[in-house]
Amino acid sequence: MSIIRPRLTDYHNIPITQEEVDFAIPFLDEDIPLYVDPFLLWKSPSMQDNSLHLSITNSFNHLSHLVNKRKEKEAIDLIIRASECDEVGFGNSKTRTGKRIGTKLASEITNIFSSIPQISKSGFIHFEEIQLLVDNFSKDRVSDIACNYIQSFLVDYTIEQCEKHLIPIEKVTINNLYDSKLNRFVKEETYLPVNPITKSPILLVPKRWLRFIPWINTDDYFKNYYIKNLYVDGQELPDKVKLLNFNRSNYDLVKTYTEIKEKQFENCKNDPLFNQIPVTSATRKMSTIIKLPTGKTNNADIKFEENACQLLTSLVYPHLDFAKEQSRTESGVQIRDLIFYNNRSVDFLKEIYDTYDCTQIVMELKNVKEVKQEHILQLNRYLKEQFGKFGIIITRNPPPKKVIKNVIDLWSAHRKCILILDDSDLKLMTEVFNSKQRYPIEVIKRKYIEFTRMCPS
């Protein structure tokens, strides 16, 4: 299947939305820009999550045991292996492939267990504190280490979710499964979904554990704790290296910061994979669009595209998951598109999937006074295999009769469906969104019904 920004479920032709599943649906060719935050497991009301957090913490603190037994090399090898978890696909990689930390950084991490007496004696309660003590230890490392230490649970969870949603699995070898009884990484054969291109195993992760930034992090510590409580006016602000050195020498202050974050646990929420804009923002964006002139005067075309993009992605959610915003050039004309996954979540979407092979819906944005035949032809050329034969033009004014005839003729000759939505349709979708009584997708469905009635039987 050749689609834009493919997801595991789309490859297997499984019609589910991100909203209705418990896990983050993984992309096949890039990472999800979110991270597992262990603090969410610690604060969770679920005893299972709490025990997993304890398992992560105990596994990380085992490094202290090794260091105290003068087994530094074994500790270094363990933290290096724990530092990357490609199977979950979180971060900013465009290839779903990360890189483990080097021996130098691993040595700096293990050194913490011998150089800070409190940690040497009692270990960590929240190992994310390591970000405040060691340079170049970032949120992706926190996430990957947490995932690696509980990979055994994630394997079982993934199999359970795959069975529930009929996602195909096949026999694979996990090369980096942490055995908490042996305190080492082992190989294990199991059954998991795989990346169809690389054949590498994929692990699913509960979306309730995900945040953009860990609850305990260096920037928050510096801005909301160090500056407010420890900084003296007129004093030179430390750079990051000096700050980390200060923290290592004054670990009790780091513990105080962590205790404050624990008390504020109710404010720690997972970050959703998609956020709808508020009703007031939707109304403002619609008002901005209506006031814009057509054409390119004072960048009106760009302003139209920006506001329409943000508005439409919220209006059609959760029935359509946003895939990508992209630009293309055709005959010297820059064209802005919005692309959505067709999850077939309502009868109308299932019908266009069945009738027009519409696996993804492309919406082309046109800030023109009048849609012309050339605009129809541009979108027509774009409706190929990955999109099927259905598309939408978002423009400013109702199309003239000759253009309506063009789209009907296109349907008659090639069985392609192009809908044209104007300001009045967007306004109605916004009003429906604001009222919460019905779904904005129904406005598009109405346009589709109107189109089918005009087509010759």
ask   = Any salt bridge between E84 and R141, counting N to O under 4.0 Å?
value = yes
inquiry  = When you compare the side chains of N148 and R81, does any donor N or O come within less than 3.5 Å of an acceptor on the partner?
reply    = no
request  = Specify the closest pair of heavy atoms between V443 and D425, including all atoms of both residues, with the distance to one decimal.
outcome  = CG1-O, 3.9 Å
query = Taking all atoms of both residues into account, what is the closest heavy-atom pair of S114 and V67, and its distance?
reply = CB-CG1, 3.9 Å
message = Under 3.5 Å, is there a donor on one side chain and an acceptor on the other for S51 and Q48?
response = no
task = Determine, for R336 against E364, whether the closest basic-nitrogen to carboxylate-oxygen distance falls under 4.0 angstrom.
result = no
Check: N183/S59 side-chain N/O donor and acceptor closer than 3.5 Å = no
request  = Consider only side-chain N and O atoms of Q360 and K324, and report whether a donor and an acceptor are under 3.5 Å apart.
outcome  = no
key: Non-hydrogen side-chain atoms of L40 and C268 separated by less than 4.5 Å   = yes
message = Looking at N342 and L349, would you say the former's side chain and the latter's main chain have a donor-acceptor pair under 3.5 Å?
response = yes
ask   = Do E128 and N217 pass the side chain to side chain donor-acceptor pair (under 3.5 Å) test, and can you show the C-alpha distance, the side-chain angles, and the key distance before you say yes or no?
value = CA-CA 7 Å; E128 311 94 283; N217 66 82; over 6 Å; no
request  = Say whether E262 and H126, considering side chains only, have a donor N or O and an acceptor N or O under 3.5 Å apart.
outcome  = yes
request  = Could you check if a side-chain atom of S120 sits within less than 4.5 angstrom of a side-chain atom of F113, using non-hydrogen atoms only?
outcome  = no
inquiry  = Return the CG to CZ distance between N307 and R284, rounded to the nearest 0.5 Å.
reply    = 10.5 Å
ask   = Does the side chain of H319 come within less than 4.5 Å of T17's, by heavy atoms?
value = no
query = Tell me, which pairs form a salt bridge (charged side-chain N to carboxylate O under 4.0 Å, His left out) where one or both residues lie in residues 201-212, sequence neighbours left out?
reply = D22-R208, D37-R211, D49-R208
query = What's the verdict on ring pair (Phe, Tyr, Trp, His ring centres under 6.0 Å) for Y341 and F322, showing C-alpha distance, side-chain angles and the deciding distance?
reply = CA-CA 6 Å; Y341 302 106; F322 183 49; 8.8 Å; no
request  = Could you please spell out the steps behind the salt bridge (Lys or Arg N to Asp or Glu O under 4.0 Å) verdict for D10 and R7?
outcome  = CA-CA 5 Å; D10 302 300; R7 303 179 301 180; 2.6 Å; yes
ask   = Has the side chain of S143 got a donor or acceptor atom that lies under 3.5 Å from a matching backbone atom of V36?
value = yes
ask   = Any side-chain heavy-atom pair from L204 and L192 closer than 4.5 angstrom?
value = no
query = For F27, is the NZ or CZ atom of R5 found under 6.0 angstrom from the centre of its six-membered ring and inside 45 degrees of the ring axis?
reply = yes
ask   = Do side-chain atoms of T110 reach the backbone of A106 as a donor and acceptor pair under 3.5 angstrom?
value = yes
query = Of all residues at least two apart in sequence or in a different chain, which pass the salt bridge (charged side-chain N to carboxylate O under 4.0 Å, His left out) check with E266?
reply = none
inquiry  = Do the side chains of E108 and K104 get close enough for a salt bridge, i.e. N-O under 4.0 angstrom?
reply    = yes
message = Using every non-hydrogen atom in the two residues, find where L63 and I79 come nearest and quote the distance to one decimal.
response = CD1-CD1, 3.8 Å
task = Mind running side chain to side chain contact (heavy atoms under 4.5 Å, CB included) on R396 and K366 for me, showing each step along the way?
result = CA-CA 8 Å; R396 306 301 309 280; K366 288 289 183 185; over 6 Å; no
ask   = Roughly how far, to the nearest 0.5 Å, is CG of N299 from CD of E306?
value = 9.0 Å
task = Quick one: sort the F39 and W215 rings into parallel, tilted or perpendicular, breaks at 30° and 60°.
result = tilted
Pair F387 + Y382: ring centers closer than 6.0 Å = yes
ask   = Would you call I109 and I101 a side-chain contact if the rule is heavy atoms closer than 4.5 Å?
value = yes
query = Would you say D239 has more than 12 foreign heavy atoms packed within less than 6.0 Å of its CG?
reply = yes
inquiry  = Less than 3.5 Å apart, any donor N or O on the side chain of E87 or S200 sitting next to an acceptor on the other?
reply    = no
Considering all heavy atoms, the nearest S107-I76 contact = OG-CD1, 3.3 Å
request  = For residues F137 and I145, determine if any side-chain heavy atom of one lies less than 4.5 Å from a side-chain heavy atom of the other.
outcome  = yes
Backbone of I277 reached by a side-chain donor or acceptor of S314 within 3.5 Å = yes
ask   = Is I125 atom CD1 crowded by more than 12 heavy atoms from other residues, nucleotides or ligands, each under 6.0 Å away?
value = no
query = Would D423 and K427 count as a salt bridge (Lys or Arg N to Asp or Glu O under 4.0 Å) if you check the C-alpha gap in whole Å, the side-chain angles of each, and the deciding distance to 0.1 Å?
reply = CA-CA 6 Å; D423 280 358; K427 185 178 180 183; over 6 Å; no
ask   = Under 3.5 Å, is there a donor-acceptor pair between the side chain of D301 and the main chain of N367?
value = no
inquiry  = Can you tell me if E236 has over 12 outside heavy atoms packed within less than 6.0 Å of its CD?
reply    = no
task = Carefully, step by step, assess L365 and D337 under the rule side chain to side chain contact (heavy atoms under 4.5 Å, CB included).
result = CA-CA 6 Å; L365 305 176; D337 297 316; over 6 Å; no
query = Is it true that the side chains of D220 and Y257 contain a donor and an acceptor less than 3.5 Å apart?
reply = yes
query = Under the criterion side-chain hydrogen bond (donor to acceptor under 3.5 Å, both in side chains), which of N343, T359, N13 is the partner of Y353?
reply = N13
I25 side, atom CD1; D321 side, atom CG - distance, nearest 0.5 Å = 6.0 Å
inquiry  = Is it true that, when you exclude K242 itself, more than 12 heavy atoms of the residues, nucleotides or ligands shown sit nearer than 6.0 Å to its NZ?
reply    = no
ask   = Hey, are K285 and Q310 close enough side-chain-wise for a donor-acceptor pair under 3.5 Å?
value = yes
inquiry  = Between Y439 and F433, is the ring centroid distance below 6.0 Å?
reply    = no
task = Mind telling me whether Y149 and F60 have parallel, tilted or perpendicular rings, with 30° and 60° as the class edges?
result = perpendicular
request  = Could you tell me whether the side chain of R100 and the main chain of C85 form a donor-acceptor pair under 3.5 Å?
outcome  = no
query = Of all heavy-atom pairs between L243 and P238, which one has the smallest distance, and what is that distance?
reply = N-CB, 4.0 Å
message = Tell me if a side-chain donor or acceptor on T218 pairs with a main-chain N or O of Q131 at a distance below 3.5 Å.
response = yes
task = Apply side chain to side chain donor-acceptor pair (under 3.5 Å) to the pair Q264 and K43, showing each step before the final yes or no.
result = CA-CA 10 Å; Q264 298 170 343; K43 65 147 287 192; over 6 Å; no
query = Would a line drawn from the ring center of Y231 to the ring center of F222 be shorter than 6.0 Å?
reply = no
ask   = Are K223 and Y221 in a cation-pi contact, defined as NZ or CZ under 6.0 Å from the six-membered ring centre and within 45° of the axis?
value = no
remark   = CZ of F304 to OG1 of T288, rounded to nearest 0.5 Å, is 12.0 Å
note = For A24 and L273 the tightest heavy-atom approach is CB-CD2, 3.9 Å
